[in-house]
Amino acid sequence: FAGPGDEPIVLDVTTPAAQVRVPTTRRYLMCPPAYFTVEYAINPWMDPTQPISTSLAVEQWTALKETYERLGHRVETIEPQPGLPDMVFSANSGTVIDGQVLGSRFRAPQRAAEADHFRRWFLANGYRDVVMPERTNEAEGDFTWTGRYLLAGTGFRTDPLAHSEAQEALGVPVISLQLTDPRYYHLDVALFVLADDLIAYYPDAFSPGSRRVLRRLFPNAILATAEDAACLGLNAVSDGRHVILPVEATALADQVAQHGFEPVFVDISELRKSGGGPKCCTMELRD
Ligand code: ARG
């Protein structure tokens, strides 16, 4: 190339922002928080004595759903059930890759009944391959598909033996990762995938060995700060271009933007009182 004055035009493909990030249309399954509350504590975020506004949770959830729709994504919903206040966190109830469904099995008895409502939703909505796990398996709470590997968390919820079950049921290579900080009890509050070549994570949420695995597989990953992690900033959803994340995760949003993505903020303050964020409320249907 030569410019007008014969000076060379440098096409700088080395800076991350030079990359054009292209979104792909997604299909998500969400559950309205009609019965959302905090009446038991199964993670350090939950305090049954603090006041909860179900209507504010519904408002924030609706704004999240409308954000997806505005970005061109399709959102399916499942009927919420009285007595299952955490059912809004649909990510915990299934891992869907290439139309194959691996359901869930909750660790806490208070959430156990959610799994079968989702199993029935899958069957009623045209899914043929629905496998229910034998071992404790909190689905996309602990399983993250990069397009290449299924990153799998363990330490608080999902049984490590569920990792090999997932590999067998879904036919994808599983990478086990050890979570060590009770505040980051699920993989999806410590790590998320932005695109098939980029993830973001909070290193301190992982064991030393798992940190080395992540560094080896993703040497150019975005590393989140303690503040970004503490507002559940890593509980984010990317469509390949737009990254939906909690409004408090400002440093993470800057890094995301530097890599050519468009941060889209949502307020999830009420849902966070249960230890959840945008991703927890969103199961991806990869058909
Ligand atoms: N209160 C819920 C629990 O502790 C929150 C689940 C959040 N979901 C998630 N995918 N991290 O089980």
Side-chain angles (χ1 to χ4, degrees), residues 28-50 52 54 57 60-61 64 78 80-81 83-96 102-115 117-118 133 136-145 150-159 162 166 177 179 181-193 200-202 205-206 224 228-238 244-246 249 266 268-285:
Y28 298 128
L29 176 57
M30 298 179 72
C31 179
Y35 305 102
F36 175 74
T37 185
V38 174
E39 61 189 25
Y40 49 79
I42 54 173
N43 70 52
W45 301 84
M46 301 174 84
D47 171 6
T49 65
Q50 75 189 320
I52 296 289
T54 304
Q60 295 177 344
W61 179 90
L64 174 64
I78 180 173
Q81 300 294 324
L84 294 176
D86 276 338
M87 197 171 163
V88 59
F89 302 117
S90 59
N92 300 142
S93 286
T95 306
V96 186
L102 178 60
S104 68
R105 182 179 289 268
F106 286 89
R107 172 136 191 256
Q110 295 95 327
R111 296 197 66 185
E114 294 177 38
H117 287 290
F118 281 86
T136 299
N137 174 328
E138 298 200 357
E140 286 194 328
D142 276 318
F143 290 115
T144 305
W145 178 236
L150 190 64
L151 304 180
T154 187
F156 298 100
R157 299 289 182 89
T158 297
D159 184 330
L177 300 168
L179 296 163
D181 182 332
R183 286 175 304 164
Y184 309 116
Y185 57 94
H186 270 150
L187 183 64
D188 75 352
V189 288
L191 176 152
F192 76 101
V193 172
Y201 65 96
Y202 177 52
F206 296 90
D228 288 327
C231 64
L232 294 182
L234 289 156
N235 198 246
V237 177
S238 170
I244 289 87
L245 77 178
V266 289
I268 46 98
S269 58
E270 209 59 17
L271 297 156
R272 191 164 44 222
K273 294 180 180 171
S274 189
K279 168 59 208 169
C280 300
C281 298
T282 312
M283 180 201 294
E284 185 163 355
L285 301 168

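Counting convention: from 1, in listed order, for ligands and their atoms alike.
Looking only at atom types and distance, the side chain of Asp86 has a donor-acceptor partner in the side chain of Tyr40 under 3.5 Å away. Side-chain contact of Thr158 with Asp142: a donor-acceptor pair under 3.5 Å is present, judged by distance alone.
The contact set between ligand 1 and Arg157, taken as ligand atoms under 4.0 Å from a residue heavy atom, comprises 3 (C), 4 (O), 12 (O). The distance from ligand 1 to the heavy atoms of Gly275 drops below 4.0 Å at these ligand atoms: 7 (C). Here is the list of ligand 1 atoms found below 4.0 Å of a heavy atom in Gly141: 10 (N).
Considering only non-hydrogen protein atoms, atom 9 (C) of ligand 1 sits nearest to Cys280 SG, 2.7 Å. In this structure, the protein non-hydrogen atom closest to atom 2 (C) of ligand 1 is Asp86 OD2, 3.4 Å. The protein non-hydrogen atom at the shortest distance from atom 10 (N) of ligand 1 is Asp188 OD2, 2.6 Å.
In this structure, the side chains of Met87 and Phe118 come closer than 4.5 Å at one or more pairs of heavy atoms. Within the 4.5 Å cutoff, side-chain heavy atoms of Phe89 are placed close to those of Ser274.
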Report the C-alpha distance between Cys280 and Asp188 in whole Å, list the side-chain angles of each, state the deciding distance to 0.1 Å, and finish with yes or no for side-chain contact (heavy atoms from CB on, under 4.5 Å).
-> CA-CA 7 Å; Cys280 300; Asp188 75 352; 4.0 Å; yes
Test side chain to side chain donor-acceptor pair (under 3.5 Å) applied to Ser104 and Glu114, step by step = CA-CA 9 Å; Ser104 68; Glu114 294 177 38; over 6 Å; no
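Neither the backbone nor the side chain of Glu140 has any atom closer than 4.0 Å to an atom of ligand 1 (non-hydrogen atoms only). Contacts with ligand 1 closer than 4.0 Å are made by no heavy atom of Phe106, backbone or side chain. For Arg111, every heavy-atom contact with ligand 1 shorter than 4.0 Å involves the side chain, none the backbone.
At a 3.5 angstrom cut-off on N or O pairs, Ser274 counts as close to ligand 1. For ligand 1, the polar-atom distance check against His186 finds a nitrogen or oxygen pair separated by under 3.5 Å.
Surrounding CZ of Arg272 are more than 12 heavy atoms belonging to other residues, nucleotides or ligands, all under 6.0 Å away.
Heavy-atom distances between Lys279 and ligand 1 stay at or above 4.0 Å for every pair.
Between Glu140 and Lys279 there is a salt bridge, since a side-chain N of the basic residue sits under 4.0 Å from a carboxylate O of the acidic one.
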